[in-house]
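Each remark here refers to the structure printed beneath this line.
Numbered from 1 within each chain, the chains take letters A, B, ... in sequence-line order. What you see is a predicted model; the values in this text were computed from it and never measured.
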Amino acid sequence: MTDWLGPEEWRAVALSLRVSFWATLFSLPMGILVAYALARWSFPGKQLVNGLVHLPLILPPVVTGYLLLLGFGTRGPIGGVLADWGIVLAFRWTGAALAAAIMAFPLMVRAIRLSIEAVDPRLEQAAATLGAAPFWVFVTVTLPMALPGIVAGTILAFAKAMGEFGATITFVSNIPGETRTIPSAIYAFLQVPGGEGSAMALVIVSVVVAMGALVLSEILARRVAARVGGA
Amino acid sequence: MTDWLGPEEWRAVALSLRVSFWATLFSLPMGILVAYALARWSFPGKQLVNGLVHLPLILPPVVTGYLLLLGFGTRGPIGGVLADWGIVLAFRWTGAALAAAIMAFPLMVRAIRLSIEAVDPRLEQAAATLGAAPFWVFVTVTLPMALPGIVAGTILAFAKAMGEFGATITFVSNIPGETRTIPSAIYAFLQVPGGEGSAMALVIVSVVVAMGALVLSEILARRVAARVGGA
Amino acid sequence: LGAWSPVIAAADQVVVFAAASLTTALTQIETGFEAATGHDLVVSLGGSSALAQQIRQGAPADLFISASTDWMDALAADGLIAPGGRFDLLGNRLVLIAHGRDAARVAIGPGLDLAAHLGEGRLAMALVDAVPAGIYGKAALTHLGVWPALAPRVAQTDNVRAALALVALGEAPYGIVYATDANAQDNVTIIATFPPDSHPPITYPVAVLAGRGGAGVDAFVAYLRSDAARTILERQGFVALQP
Amino acid sequence: MLEVAITHDFGSFTLDAQFCAPPGVTVLFGRSGSGKTSLVHAVAGLLGPDQGRIAVEDWVLLDTRHSIALKPHRRRLGYIFQEGRLFPHLSVGQNLRYGAWFAPKDAPREDMGRIVDLLGLGALLDRRPGALSGGEKQRVAIGRALLSAPRLILADEPLAALDDARKAEILPYLERLRDEVKIPILYVSHSAAEVARLATTVIAIEAGRVIAQGPAAEVLGDPAVLPLGAREAGALITARVVGHHDDGLTELDATGIPLFLPKLVQAPGTVLRVRIAAHDVILSRNRPEGLSALNILPGVVRDLRTGAGPGAIVSVDTPAGRVLARITRRSAGALGLVPGVAVHAIVKSVSVAPGDVGAGSGLLA
Amino acid sequence: MLEVAITHDFGSFTLDAQFCAPPGVTVLFGRSGSGKTSLVHAVAGLLGPDQGRIAVEDWVLLDTRHSIALKPHRRRLGYIFQEGRLFPHLSVGQNLRYGAWFAPKDAPREDMGRIVDLLGLGALLDRRPGALSGGEKQRVAIGRALLSAPRLILADEPLAALDDARKAEILPYLERLRDEVKIPILYVSHSAAEVARLATTVIAIEAGRVIAQGPAAEVLGDPAVLPLGAREAGALITARVVGHHDDGLTELDATGIPLFLPKLVQAPGTVLRVRIAAHDVILSRNRPEGLSALNILPGVVRDLRTGAGPGAIVSVDTPAGRVLARITRRSAGALGLVPGVAVHAIVKSVSVAPGDVGAGSGLLA
Ligand SMILES: Nc1ncnc2c1ncn2[C@@H]1O[C@H](COP(=O)(O)OP(=O)(O)OP(=O)(O)O)[C@@H](O)[C@H]1O
Ligand SMILES: Nc1ncnc2c1ncn2[C@@H]1O[C@H](COP(=O)(O)OP(=O)(O)OP(=O)(O)O)[C@@H](O)[C@H]1O
Ligand SMILES: [Mg+2]
Ligand SMILES: [Mg+2]
């Protein structure tokens with residue numbers, strides 16, 4: 001089946017996996033933090049943070065990509081600062097990961113937030129009376145109890161990252177081996193006569209990968225729920 | 001401020017609101033049903049349903065739009081049947097609503113599912129012993145207890161519908177007044193040199209609308225949670 | 001070359017940002033160029049507007065091949081193009097297509113009553129104010145005097161391939177696309193070709209970007225002008241403009 | 001008549017129990033973890049046992065052999081859960097009315113106002129369960145079950161969270177429910193006082209099995225059958241109300257023997273059960289004089305059991321029925337108690353409440 | 001010494017309570033909804049009262065005037081909640097060890113194995129709380145709090161869900177905790193038996209206010225102070241273990257009067273408190289002979305209170321201390337009981353357990 005997808009396409013698949021993996025991994029701690037803050041704290045500007053997090057969902061992806069380009073491009077205010085530190089995002093796979101992470105972030109945060117909100121605060125109180133400081137209450141009670149939602153949110157974010165196109169191609173372009181993810185490759189194929197077959201092959205690959213992740217997450221979540229359940 | 005946005009753009013805003021509103025409203029019952037089934041039932045093919053629901057998230061939007069075109073176009077198997085009943089989706093705002101609904105569906109289902117899973121089954125048992133048949137248990141206990149998640153999922157879906165572009169333009173193209181939503185208009189502006197200003201005006205409108213919905217949902221959810229809370 | 005290049009081999013790496021409609025042609029040109037010169041060609045394909053914006057934001061491109069002159073002009077105005085580095089690579093023809101393998105041809109002229117042909121159906125075009133194929137199509141229909149009648153019946157897509165797909169699927173009975181797209185598509189028939197004078201000339205300009213250059217870039221520019229490239233482009237249905 | 005016969009394997013724990021619950025209150029009695037809640041769950045349909053049959057008269061709720069298993073909502077139960085399980089999104093009033101929404105139109109109903117008064121919930125109707133104290137929650141749970149027009153009441157330690165005063169207020173209501181409405185009540189309790197006061201039938205459970213069952217008087221009156229240690233021993237005897245005296249005492253007649261109790265509400269002629277706990281009885285060879293205790297039953301020692309401890313249980317046959325006394329072996333020896341010896345059982349009158357020692361309401365001696 | 005003085009307005013309910021809890025067990029006693037749990041929450045830091053001060057010795061937990069309010073996790077409490085609150089995602093063993101993870105290294109610790117044995121949790125360590133019975137859950141909750149090396153134990157009706165046998169097993173442990181470890185225990189209970197057995201100090205709460213507080217002997221022994229109805233009345237007297245007899249009885253000396261109890265574990269010489277419930281006392285003008293009751297205390301009537309009911313409470317001064325007797329007005333009249341009259345208080349020996357009537361463990365008479 002080596003000729004089923006060409007080497008270029010396999011590179012796109014590998015790149016998409018890498019981009020989605022790192023995008024998900026890096027946004028997870030931030031996602032948990034933001035979800036927790038939105039679920040349990042009240043602070044000035046909370047609605048603003050909430051709005052910012054959801055922005056990528058509301059905006060057309062092209063706009064998000066455009067804004068990323070303006071902000072994180074080599075000439076952008078943030079991109080310039082990062083470049084001085086040796087971190088280059090523009091037109092790199094790291095930028096693709098950033099775009100994917102930002103696009104997937106609202107989904108991740110929503111899922112985690114809902115499951116944190118569902119944790120019974122009375123259990124957190126019980127942990128506090130047993131001497132657990134807020135951080136440890138979070139680590140030993142809130143986090144494990146919210147695990148099904150965290151798993152769900154993570155996989156959702158991964159799936160979204162695998163499918164992200166508009167923001168990615170606008171921000172980091174479509175450079176083979178560097179930023180040409182599966183969706184970008186599909187786009188390129190669809191732009192030329194006769195490319196539909198190759199596009200479909202890539203669609204199938206990405207569906208298989210994402211479905212695999214999804215089924216895995218269901219199994220994980222069920223196992224976790226069985227452990228936690230029947231309180 | 002009438003000249004801040006042209007009449008064309010105001011039409012796009014009105015259309016986007018209409019499309020998102022109906023997309024959300026129509027997918028809500030279905031979303032609740034699917035979320036409940038995934039949360040509480042086990043049936044053969046459950047993983048398949050779960051996968052199908054998430055498909056629009058995984059696929060590049062263009063592919064989803066193309067598949068919609070194949071299935072729901074006037075010549076498509078489903079579109080043909082619907083056309084016989086007088087329901088035309090192709091090139092209509094109704095089609096735009098369908099595309100938006102399908103793209104937003106995974107987000108809605110995930111949020112609702114998580115909050116249904118968080119409802120204590122022992123309360124549902126208690127309702128059953130008091131004579132409530134499963135449907136009534138659902139309506140009087142599960143649904144109200146899951147309300148914060150349902151509100152969250154609905155608003156998430158609405159926000160997503162407001163931002164949907166790729167699938168919509170591929171499925172129903174861009175017909176002013178009929179299918180030219182805010183994102184289509186923004187995209188068009190961004191394609192021509194010097195169009196960024198007009199694009200940004202529309203971005204601001206859509207951000208304001210979606211943020212309004214978001215803040216509203218937070219307030220609603222908080223009120224609901226306060227009613228349910230402290231069990 | 002910029003700091004971007006992760007591997008700097010003995011041979012140069014040439015980065016080309018090109019309109020997505022050139023995908024197949026550039027894939028073949030890449031193979032030929034790399035075999036012939038030993039340089040490494042990297043092609044990033046996308047919408048001309050997105051690519052131009054990226055170049056404005058400092059994208060590490062050596063060359064830009066645009067599907068319209070507008071964006072090239074805009075870059076030129078910004079001073080992002082190397083002086084003397086711009087030329088028109090190729091041209092294209094705009095055609096009217098119909099659904100089906102053997103639709104009847106029509107004559108394009110002042111008497112064309114496309115609206116009657118359409119009936120309840122739609123005319124598929126790329127975005128008429130934004131995407132080059134749509135802009136050219138609108139110009140042609142305006143030139144023919146039928147635009148006001150047709151405007152409400154146009155289904156605009158975000159790119160010309162999507163317009164082609166609508167016709168191929170029969171969702172729209174007619175469409176206006178490039179000849180290059182229509183040639184390769186089953187299930188559509190070119191029923192007329194718009195006269196070149198009915199719309200601004202369709203050209204794909206190429207430019208070396210400001211501050212770029214070197215042996216690799218020079219070699220690629222030379223290759224683009226070669227017969228080998230010309231053959232490839234013409235096989236795709238383009239009109240090669242450079243001798 | 002509720003008939004239950006089920007087996008279920010929990011892995012680490014096996015339930016294997018058969019019992020019949022005639023009309024009235026059937027108390028499931030047993031230590032923590034013995035399987036009481038699991039049995040009640042099976043009756044409610046919340047636990048689907050591996051095998052078994054559950055029926056109320058000829059209305060079959062479960063029969064695994066014939067693949068019958070009514071869904072919980074068709075069983076028309078009023079289940080008072082061990083942990084309340086109030087609906088947090090509904091007000092107290094809505095919680096109380098919940099069951100009535102689903103009850104058949106023609107089902108006999110309790111009056112909402114009456115139950116609210118009885119349970120002291122009047123001031124709480126608009127509150128949410130989240131803002132209630134533990135005992136308040138449990139009272140709402142009781143009210144909710146009673147108001148659902150059930151054909152069978154299941155109560156899992158419904159009074160454990162209540163103070164004695166509140167218990168004393170609610171118990172008579174449960175008694176009336178038992179006596180007036182002909183619905184079986186399956187009642188889980190740890191409290192001997194509650195058991196004595198309410199039980200028509202007692203089912204003793206140990207490690208998932210029924211180790212004793214029968215009429216309350218029998219199970220609680222026979223120390224050999226009683227599984228839970230002599231502490232719970234006591235006898236139930238039947239008496240008729242003779243009349244009410246001016247000093248607040250009610251006189252009963254227990255087959256010729258007068259008994260005095262704090263004023264009862266029952267009309268003269270009413271027949272009652274009274275419980276005499278074994279640890280409340282003092283024995284005397286001579287008829288004692290000049291004591292503050294008003295109730296003295298003459299009788300004959302029937303038998304005497306001693307265990308490993310310092311105690312002994314003496315059964316005394318009196319005209320009113322058998323009475324048990326828990327005394328020390330030392331006293332038994334000192335008084336020369338052997339079967340056939342005539343003795344007087346001195347009963348502290350307060351102990352002779354309407355079946356109830358622990359939760360009686362008046363002052364007496 | 002725990003000092004609490006807080007006010008808090010719940011809207012429909014106002015808490016306004018001041019009390020001191022000296023070392024030992026301080027029982028909060030009051031009816032459902034009186035504010036007991038709210039008070040305990042305030043001590044734990046789970047409720048931030050509008051105003052007030054809470055301190056253990058000179059360690060201030062809360063002082064609204066100086067804006068001090070320690071976070072719950074800094075208060076080093078072992079809180080046994082009314083509703084268990086076990087961690088559902090941890091096994092029973094992990095639940096038990098939870099508090100120890102956070103306790104200071106040098107804090108004095110209970111031995112895990114001992115507590116596990118005591119609470120009968122050995123077989124449950126690998127289970128999850130979801131698969132436990134109600135009583136099992138509560139036992140785990142008790143163990144979890146005890147194992148967290150607390151400086152103050154808060155217990156909100158910890159034994160309500162347990163059967164008498166299990167209660168009887170755990171109570172002595174709580175007693176030992178009270179006597180051996182010098183940590184204050186704040187204990188909410190409805191059960192007079194538990195109160196009598198454990199309480200050093202009793203705080204009676206009614207509608208959010210403290211209506212009586214003081215040493216247990218005083219509050220429980222004075223029917224005028226006792227808020228909760230005469231049923232709970234009883235006297236506490238102090239006695240010293242004299243020796244253990246062969247027939248399983250332990251002899252005590254209460255200021256010259258011998259008392260016999262079922263075998264106790266305490267060594268001769270130990271000083272104990274024993275409770276004599278008013279309703280377990282029979283009065284006699286003459287010294288009674290030939291009775292199975294072993295414990296008879298001579299004394300003099302101090303006073304006699306009658307209420308609206310048929311009962312009377314007689315205080316009798318005996319050499320061992322004041323004893324209360326609950327008798328009928330009729331008997332009081334018949335025996336001619338007025339202050340100054342000499343009487344004998346006949347106490348059913350089983351009633352004289354180590355402070356505990358309701359949960360005593362042996363047979364006696
Ligand atoms: N959050 C709240 N809002 C309003 N009222 C409340 C709130 N929490 C408790 N209450 C009320 O305060 C009173 C005291 O409650 P608390 O839980 O302290 O009672 P308690 O003495 O522990 O009762 P129980 O013995 O039934 O557990 C109750 O009347 C209760 O309804
Ligand atoms: N889902 C389960 N899986 C395994 N064991 C279980 C499960 N549910 C209950 N058990 C076990 O079954 C036994 C009986 O539990 P049950 O709740 O019926 O006891 P109970 O008699 O009601 O006790 P309590 O008086 O403490 O409420 C217990 O040992 C318990 O641990
Ligand atoms: Mg139970
Ligand atoms: Mg309480």
Working to the nearest 0.5 Å, report the span between CG of Leu52(A) and CD of Gln47(A). 11.5 Å
Which region of Leu190(A), side chain (C-beta onward) or backbone (N, CA, C, O), has a non-hydrogen atom less than 4.5 Å from a non-hydrogen atom of chain B, or is it both or neither? side chain
Segment of Ser217(B) engaging chain A (4.5 angstrom heavy-atom cut-off): side chain
Donor-acceptor pair, Glu164(B) side chain versus Ala167(B) backbone, under 3.5 Å? yes
Non-hydrogen atoms of chain B under 4.5 Å away: do they reach the side chain of Leu59(A), the backbone, both or neither? both
Side chain of Ser115(A), backbone of Ile112(A): donor and acceptor closer than 3.5 Å? yes
Walk me through it: do Arg113(B) and Glu218(A) pass the test salt bridge (charged side-chain N to carboxylate O under 4.0 Å, His left out)? CA-CA 12 Å; Arg113(B) 175 179 173 178; Glu218(A) 289 291 322; 2.7 Å; yes
Max heavy-atom pair count under 4.5 Å with chain B, selected residue of Ile186(A), Val209(A), Val207(A), Asn50(A): Asn50(A)
State whether the side chain of Ser173(B) and the backbone N or O of Ile169(B) hold a donor-acceptor pair below 3.5 Å, judged by distance alone. no
With a 4.5 angstrom heavy-atom cut-off, is it the side chain or the backbone of Leu67(A) that approaches chain B, or both, or neither? side chain
If one checks every heavy atom of Leu107(B) against chain A at 4.5 Å, the contacting part turns out to be side chain
Ser206(A) side chain to Val203(A) backbone, donor-acceptor under 3.5 Å: yes
Against chain B, work out which of Ile182(A), Val119(A), Val62(A), Leu156(A) has the most heavy-atom pairs shorter than 4.5 Å and name it. Leu156(A)
Can you find a heavy atom in the side chain of Leu98(B) that is under 4.5 Å from one in the side chain of Phe171(B)? yes
Toward chain B, the part of Phe158(A) with a non-hydrogen atom under 4.5 Å: neither
Taking Val13(A)'s backbone N and O only, do any of them form a donor-acceptor pair with Ser16(A)'s side chain (distance below 3.5 Å, no angle check)? no
So what's closer than 4.5 Å to chain A heavy atoms on Glu196(B): side chain, backbone, both or neither? side chain
Leu57(B) versus chain A, the contacting section by heavy-atom distance below 4.5 Å: both
What part of Val63(B) gets closer than 4.5 Å to chain A, counting heavy atoms only: side chain, backbone, both or neither? side chain
Find the one option among Lys160(A), Lys46(A), Met162(A) whose heavy-atom pairs under 4.5 Å with chain B are most numerous. Lys160(A)
